[in-house]
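Just so you know, ligand 1 is whichever comes first in the structure, and atom 1 is the first atom listed for that ligand. Note that the numbering runs from 1 along the sequence shown for the chain.
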Amino acid sequence: MREDARDAALRVNEERLWLRHAEMAKIGAIPGNGVNRAALSREDIAARKLLLSWAVQRSFTVSIDAIGNLFVRRAGSEANAAPVMTGSHMDSQPRGGRFDGIYGVLAGLEALEAMNEAGVTTRRPIEVVAWTNEEGGRFAPCTMGSMVFTGARPLADVLDVTDNEGIKLRDALAETLAATPLATKREFNSPVAGYIEAHIEQGPLLENAGKTVGVVTGIQGLRWFNIEVSGKTDHAGTTPLALRKDAMRDAVAIINALTELTDDPADVTRFTVGRMLVTPNSPNSVASHVLFSVDVRHPDPQTIKRLGEAVEPLARKAAKHCDVKVTPTLRDDPCVFDADVTNAVEAAAKGLELTHMRLSSGASHDAMYMARVCPTGMIFVPCEKGVSHNEAENATSADLAAGARVLTAALVELANR
Ligand code: GLV
Ligand code: MN
Ligand code: MN
């Protein structure tokens with residue numbers, strides 16, 4: 001390992017990193033130790049302001065793009081060289097934990113501070129990015145900020161997405177941008193030399209294997225759909241079943257058919273219906289409309305393609321009484337990370353004498369979109385019992401610091417290439 005990479009890594013301050021997690025966890029705190037920090041909400045704005053205050057204290061420069069992705073830059077000796085980037089997201093699930101996303105942002109900031117304290121200069125600038133709306137819990141789809149930054153989808157395409165309250169993304173975004181009026185505006189798709197994202201594993205593999213660092217090799221494929229079932233509302237007590245167009249009954253039939261489609265004795269396929277809106281949503285009225293989300297995942301490209309293509313015909317066949325509209329909202333093919341970045345992460349873990357293993361990610365991350373535009377990799381640290389998207393999500397201060405050290409060393413390495 002380069003000496004300057006080691007010096008910087010050893011300057012990572014475990015206590016500072018832990019205290020910053022605690023500070024961030026106060027924003028949107030919910031009972032059970034969790035956080036609810038929806039994208040582009042008042043809480044998201046507060047988290048952005050806190051991050052900016054820490055960045056400015058260190059005289060790092062900050063910029064923002066038109067979808068609200070925030071960038072914190074530590075200069076390199078070649079001012080105009082394409083930066084190496086790290087980061088993750090600050091939004092959370094409605095009942096999210098204190099580490100999903102925010103760890104990658106705070107570990108990135110810690111890496112920049114550690115480099116300052118070690119007096120390390122890198123050839124390329126290094127930037128920490130806080131991506132807008134990674135979770136997609138309020139505005140679907142997920143990984144929206146990186147998707148738009150990398151040009152995978154135009155901004156105009158997502159501006160009219162609405163949340164459950166009918167608020168448009170364009171309005172929430174305008175409020176967020178007005179609350180953080182940064183002088184420097186960032187263009188989408190500006191060149192990036194490499195990207196490394198640190199994250200809690202969100203699964204049990206590292207903990208079970210007793211390893212501290214996960215060298216992430218890629219991310220499984222994903223399909224999202226909205227399925228809208230439209231029937232007719234009627235009196236629950238008086239309307240014979242034969243006369244009904246019960247949207248809930250058809251929604252249940254569709255979900256049962258999809259459960260059968262995705263049944264997998266090997267337990268590799270993932271199938272989730274996590275969101276359902278029922279109209280009129282009254283116990284004694286037959287449902288006229290049911291809108292629900294479908295999330296299907298698999299690491300094998302052929303399998304995820306087959307499953308994704310089966311959703312619409314199966315939903316139409318299963319619905320016996322109502323109209324069905326199937327709208328695909330996200331299609332991410334499985335992604336394999338860059339060998340050079342993966343090797344740099346592994347070499348950093350080895351050089352710092354941390355136990356490590358290679359593994360693939362079950363969760364989606366912004367790294368998936370960055371992998372389309374630059375050499376990309378990820379670092380995982382263990383989380384307690386693999387629990388995530390849950391208030392009880394937990395990780396140890398020592399593991400978080402270890403992951404930040406690996407990140408720091410790998411960033412110094414890549415930023416000098
Ligand atoms: C991100 O949180 C995902 O849905 O995998
Ligand atoms: Mn995340
Ligand atoms: Mn998440």
Review point. Quick one: are L51 and R20 in side-chain contact, heavy atoms under 4.5 Å?
Key: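 SC-SC contact between L51 and R20 ruled out.
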
Check your understanding: Taking the Mn ion (ligand 3) as the centre, how many protein N/O/S atoms fall inside a distance shorter than 2.8 Å?
Key ->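 Of the protein's nitrogen, oxygen and sulfur atoms, 4 lie under 2.8 Å from the Mn ion (ligand 3).
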
Review point. Using 4.0 Å as the upper bound for N to carboxylate O, is an ion pair formed by D295 and R297?
Key: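 Counted as a salt bridge, because a side-chain N and a carboxylate O are separated by less than 4.0 Å.
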
**Study point:** Pairing of R95 and E393 as salt bridge, 4.0 angstrom limit
**Key:** no

Practice item. Sort and list the pairs that fulfil ring-ring contact (aromatic ring centres under 6.0 Å, His included) and have at least one residue in residues 25-75, not counting sequence neighbours. Key: F71-F149

Output yes when a side-chain donor or acceptor of [X] lies under 3.5 Å from a complementary backbone atom of [Y], and no otherwise.
X: E201; Y: L206; value: yes
X: T342; Y: G377; value: no
X: R316; Y: V324; value: yes
X: E134; Y: D91; value: no

Practice item. Sequence neighbours left out, what passes side chain to side chain donor-acceptor pair (under 3.5 Å) with D4? Give chain and number order. Key: R2

Write 'none' if nothing qualifies; otherwise put on separate lines each N/O atom of ligand 1 with a protein N/O atom under 3.5 Å away and their distance to 0.1 Å.
{"from": "ligand 1", "atom 1": "2 (O)", "to": "E135", "atom 2": "OE1", "distance (Å)": "3.1"}
{"from": "ligand 1", "atom 1": "2 (O)", "to": "H389", "atom 2": "NE2", "distance (Å)": "3.2"}
{"from": "ligand 1", "atom 1": "4 (O)", "to": "R297", "atom 2": "NH2", "distance (Å)": "2.8"}
{"from": "ligand 1", "atom 1": "5 (O)", "to": "R297", "atom 2": "NH1", "distance (Å)": "2.7"}
{"from": "ligand 1", "atom 1": "5 (O)", "to": "R297", "atom 2": "NH2", "distance (Å)": "3.4"}
{"from": "ligand 1", "atom 1": "5 (O)", "to": "S364", "atom 2": "N", "distance (Å)": "2.7"}

